[in-house]
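The structure appears below as structure tokens.
Values reported hereafter were calculated over all heavy atoms of this structure, with side chains retained and with hydrogens, waters and symmetry mates removed. Nothing here was measured: the structure is a model prediction, and the numbers come from that model. Sequence lines set the chain letters: A, B, ... in the order given, protein chains first and strands last, and positions in each chain run from 1.
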Number of protein chains: 4
Amino acid sequence: MTTNDSTDPPRGPGRPRSEASRQAILTAAFELLQERPLPEITGAALAQRAGVSKATLYRWWPSKEAVVLDGYFDALKHRIAPSCTGDPLTDLRTHVREAYRMMGGPEGKMFAAFVASGHFDEKLREALNKELNSPRCKDTEGILGRAVAAGQLRPGLDIQLCAELIWGPAFFRLMTGSPIEEGLADRVTDGLIAGFGQ
Amino acid sequence: MTTNDSTDPPRGPGRPRSEASRQAILTAAFELLQERPLPEITGAALAQRAGVSKATLYRWWPSKEAVVLDGYFDALKHRIAPSCTGDPLTDLRTHVREAYRMMGGPEGKMFAAFVASGHFDEKLREALNKELNSPRCKDTEGILGRAVAAGQLRPGLDIQLCAELIWGPAFFRLMTGSPIEEGLADRVTDGLIAGFGQ
Amino acid sequence: MTTNDSTDPPRGPGRPRSEASRQAILTAAFELLQERPLPEITGAALAQRAGVSKATLYRWWPSKEAVVLDGYFDALKHRIAPSCTGDPLTDLRTHVREAYRMMGGPEGKMFAAFVASGHFDEKLREALNKELNSPRCKDTEGILGRAVAAGQLRPGLDIQLCAELIWGPAFFRLMTGSPIEEGLADRVTDGLIAGFGQ
Amino acid sequence: MTTNDSTDPPRGPGRPRSEASRQAILTAAFELLQERPLPEITGAALAQRAGVSKATLYRWWPSKEAVVLDGYFDALKHRIAPSCTGDPLTDLRTHVREAYRMMGGPEGKMFAAFVASGHFDEKLREALNKELNSPRCKDTEGILGRAVAAGQLRPGLDIQLCAELIWGPAFFRLMTGSPIEEGLADRVTDGLIAGFGQ
DNA sequence: AGGTAACCGAGACGGTACGTCGTGTCTTTAT
DNA sequence: ATAAAGACACGACGTACCGTCTCGGTTACCT
């Protein structure tokens with residue numbers, strides 16, 4: 001969440017932080033996250049799986065949720081880089097497709113668990129917004145902006161709202177437990193283009 | 001969730017279930033729900049507040065979440081009855097406004113807590129969908145259908161999708177912790193009418 | 001313990017106590033007593049086995065221990081009737097043998113359970129003393145008295161003490177969990193005769 | 001019972017067991033034992049009195065009875081050291097007097113509670129036999145043996161039986177709830193010496 | 001014949017103790 | 001200083017049993 005960045009070692013005295021432990025913890029966290037629902041991941045199990053003491057966990061992270069979230073972030077190298085072909089509408093379609101594919105897959109499962117947990121944990125929620133939700137919305141808004149600029153979407157479009165209209169159904173499905181089926185992304189995109197295109 | 005229905009007393013032998021206890025429990029549940037976040041509501045506190053034994057709680061409900069959800073349902077007499085003025089578009093606007101007002105207020109806070117908890121509790125989620133989410137979407141779809149029939153929205157409109165586009169941003173805001181401000185409902189409605197009206 | 005006597009019916013108005021239920025309860029109590037240790041006999045199990053409601057138990061007995069004790073008494077028709085052959089020393093030997101055989105068998109197991117429970121339950125202890133312990137000691141003392149009178153035991157013998165010396169080892173074995181083996185009774189009797197005979 | 005021995009600290013890694021907690025628990029156990037009957041001593045009360053968590057109790061002892069028994073043992077420094085004046089008969093008299101005084105006093109009350117509880121708890125019974133009953137009988141037998149060797153008791157005396165004849169009445173009184181009055185010890189000793197002396 | 005009263009079964013109730021589990025902290029020795 | 005090991009205080013959990021109570025119904029006596 002905060003303390004886990006393995007940046008810059010301008011070391012003072014004493015034994016340095018074990019990079020091996022840090023990696024083992026993050027790996028263990030992600031493994032457990034795939035095996036069982038978040039509330040069933042205990043600090044003890046996490047420590048044992050990583051071959052690490054509980055104290056080490058709490059020395060570097062404020063809570064077990066923070067650890068697991070970092071494990072999730074760490075395993076998440078493939079953020080949705082907004083594709084950029086030149087045709088904004090194609091980019092949009094691809095972007096939404098990828099987003100919905102992710103939300104409908106195992107990663108979405110984890111994401112939903114964090115969103116749910118975040119409702120009772122401010123820190124967690126903020127980290128999640130900062131690292132995932134905000135950038136993703138910004139990406140979407142960027143593409144929408146380019147489409148408007150290219151004259152493919154109506155000028156004066158409420159871009160921020162439009163981004164929320166895109167992500168909204170995914171959240172709705174995720175949190176109500178409905179599946180995010182194959183064609184949903186295109187239905188959303190088509191609908192919006194039909195409505196807001198020109 | 002299931003057992004709480006105070007319907008039909010075709011009694012067999014034995015002491016009948018205490019209606020007073022049942023009501024006290026539901027009331028206590030709703031009170032506590034207003035006072036603190038769901039995970040901080042304990043079974044013992046619930047029982048004590050209701051002047052009831054813990055055993056009585058667990059005799060009738062499978063978990064404290066179920067109790068609290070029932071308390072929430074019980075206190076929820078004012079479902080959003082879809083207003084029906086005659087003008088579908090006005091009805092739609094009113095409907096969305098009311099929905100967003102609810103989602104943005106204290107009741108939405110509780111609702112969000114149940115949605116979040118439901119992610120880790122199938123029973124809870126199903127009850128929530130059955131009692132709230134599904135009926136609300138049906139209401140929305142009904143209004144949209146009438147608007148289409150009245151020729152105020154484009155024929156062939158993907159009504160189910162459109163309902164999700166309406167509810168989606170509310171869920172998005174709720175689960176990311178963003179406020180659902182005053183004008184959001186109208187922005188959504190206006191946007192959709194602008195896009196899908198004719 | 002007290003209320004269970006099925007004596008004299010000088011009845012007033014109202015439905016009379018069900019003799020069938022009373023018997024069923026006592027039988028069930030004794031059956032359960034043979035099946036499991038006393039603390040594992042619950043009021044509910046007792047009632048269920050007897051096909052009776054818990055209320056009926058508590059209407060007639062003050063506690064479940066009292067019920068089970070009555071079941072034990074009820075099944076105990078063969079009190080050790082002090083044999084009386086004419087030779088007091090032979091009678092004594094037979095009496096002690098029978099007493100120790102009982103204490104070493106399954107009945108002694110139950111008896112010990114009541115003695116143990118009685119330590120934490122005054123009522124229970126008193127009933128046990130009144131119905132079993134006192135009469136048994138009286139029997140023993142009677143035989144000892146006859147032996148003294150017949151000049152077979154030393155005159156001036158402390159008869160009450162002697163009875164306790166006879167019963168003492170049995171209690172000692174019972175409460176320490178040591179077995180009461182075949183020959184113990186005779187060892188006790190022989191020892192005492194050797195010491196106190198003349 | 002087993003785990004409480006504060007012996008040998010050949011320590012490995014990890015936080016060592018808190019000696020302070022251990023002592024506080026044993027002290028609390030003994031205090032409570034003096035205040036109320038054993039079955040009314042609850043695990044929670046024990047923990048609270050000792051300023052310790054319930055988990056710590058159950059980490060080291062299998063049951064509350066075991067804790068209390070250890071508390072009892074711990075407070076019991078004054079085992080009846082068999083007095084040894086030179087005259088075995090005097091020693092015997094003193095030994096029995098002390099034994100009966102103990103059994104008749106408050107310590108005997110506790111002892112009886114453990115004996116009673118032990119009847120339903122094998123572990124408890126074994127610990128009690130190993131720590132108290134067996135050594136005490138061995139002491140008695142030792143004195144009896146010396147008396148026989150000194151020619152003060154009849155040769156060939158059944159020493160083990162004789163020890164049980166000595167302890168038997170004390171158990172009898174204890175478990176039937178009769179008082180162990182002042183002169184009982186001497187009556188027993190005198191009776192046995194009269195019978196088995198020479 | 002009808003009334004009254006004590007009984008019966010079923011089973012829900014308040015209360016209390018149980019023993020377990022998870023959290024985050026603290027205390028050791030070893031690196 | 002940091003690590004593993006693991007003991008610790010705290011507090012919630014859900015279960016079990018106790019003895020009481022509240023129902024609808026059932027006998028019996030007593031007018």
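Distance, D:R36 CZ to E:dT16 P: 14 Å, rounded to whole Å. What separates CG of B:L46 from P of E:dG14 is a distance of 13 Å, to the nearest Å. Rounded to a whole Å, the CD1 atom of C:I41 is 14 Å from the P atom of F:dG19. The separation between D:L57 atom CG and F:dC8 atom C1' is 12 Å, rounded to whole Å. Rounded to a whole Å, the CD atom of A:Q48 is 14 Å from the P atom of E:dC21. We find that CZ of A:F120 is positioned 18 Å from C1' of E:dT23, with the value rounded to whole Å. Residue D:R59 contributes atom CZ, which lies 12 Å from atom P of F:dG6 at whole-angstrom precision. Distance C:R17 CZ to E:dA6 C1': 13 Å, rounded to the nearest Å.
Listed nucleotides: E:dA12, F:dA4, E:dT23. Nearest to the side chain of A:V52: F:dA4.
Contact between the side-chain N/O atoms of C:S18 and the OP1/OP2 oxygens of F:dT26 is not found at any separation under 4.0 Å. Remark: C:W60 is not in phosphate contact with E:dA6, judged by side-chain N or O atoms under 4.0 Å from OP1 or OP2.
If you find the closest nucleotide of DNA chain E to D:P39 and to C:G51, the one lying nearer the 5' end belongs to C:G51. With DNA chain F read from its 5' end, the first of the two nearest nucleotides for B:G14 and C:E40 is the one closest to C:E40. Residue order along DNA chain F, read from the 5' end via each residue's closest nucleotide, puts A:S53 first among A:S53 and D:T56.
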Could you go through nucleotides 24-26 of chain E and list every protein N or O atom that sits under 3.5 Å from one of its N or O atoms, giving the distance for each pair?
{"from": "E:dG24", "atom 1": "OP2", "to": "A:Y58", "atom 2": "OH", "distance (Å)": "2.6"}
{"from": "E:dG24", "atom 1": "N7", "to": "A:K54", "atom 2": "NZ", "distance (Å)": "3.2"}
{"from": "E:dG24", "atom 1": "O6", "to": "A:K54", "atom 2": "NZ", "distance (Å)": "2.6"}
{"from": "E:dC26", "atom 1": "O2", "to": "D:R15", "atom 2": "NH1", "distance (Å)": "2.9"}

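Residues D:K130 and D:E126 have side chains not in contact (no heavy-atom distance under 4.5 Å, counting atoms from C-beta outward).
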Donor-acceptor pairs under 3.5 Å, side chain of residues 45-52 of chain A to any protein atom, not counting sequence neighbours: which ones?
{"from": "A:R49", "atom 1": "NH1", "to": "A:E31", "atom 2": "OE1", "distance (Å)": "2.8"}
{"from": "A:R49", "atom 1": "NH1", "to": "A:E35", "atom 2": "OE2", "distance (Å)": "3.0"}
{"from": "A:R49", "atom 1": "NH2", "to": "A:E35", "atom 2": "OE1", "distance (Å)": "2.9"}
{"from": "A:R49", "atom 1": "NH2", "to": "A:E35", "atom 2": "OE2", "distance (Å)": "3.2"}

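Atom CG in B:L32 sits 10.0 Å away from atom CG in B:L38 (nearest 0.5 Å).
With a 6.0 Å cutoff to the six-membered ring centre and a 45° limit on the axis angle, B:R17 counts as a cation-pi contact of B:W60.
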Between D:F120 and C:S117, is the side chain to side chain contact (heavy atoms under 4.5 Å, CB included) condition met? List the steps. CA-CA 9 Å; D:F120 303 111; C:S117 295; 3.6 Å; yes
Passes side chain to side chain contact (heavy atoms under 4.5 Å, CB included), D:L57 versus D:K64? Steps please. CA-CA 8 Å; D:L57 281 189; D:K64 72 172 175 166; over 6 Å; no
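With sequence neighbours excluded, the residues that form a ring pair (Phe, Tyr, Trp, His ring centres under 6.0 Å) with D:Y72 are D:F114. The ring pair (Phe, Tyr, Trp, His ring centres under 6.0 Å) check on A:F111 picks up A:F171, with sequence neighbours excluded. With sequence neighbours left out, B:S18 forms a side chain to side chain donor-acceptor pair (under 3.5 Å) with B:S21.
Each end of the helix from E:dA1-F:dT31 to E:dT31-F:dA1 yields a helix axis from five base pairs, and these two axes differ in direction by 20° (to the nearest 10 degrees).
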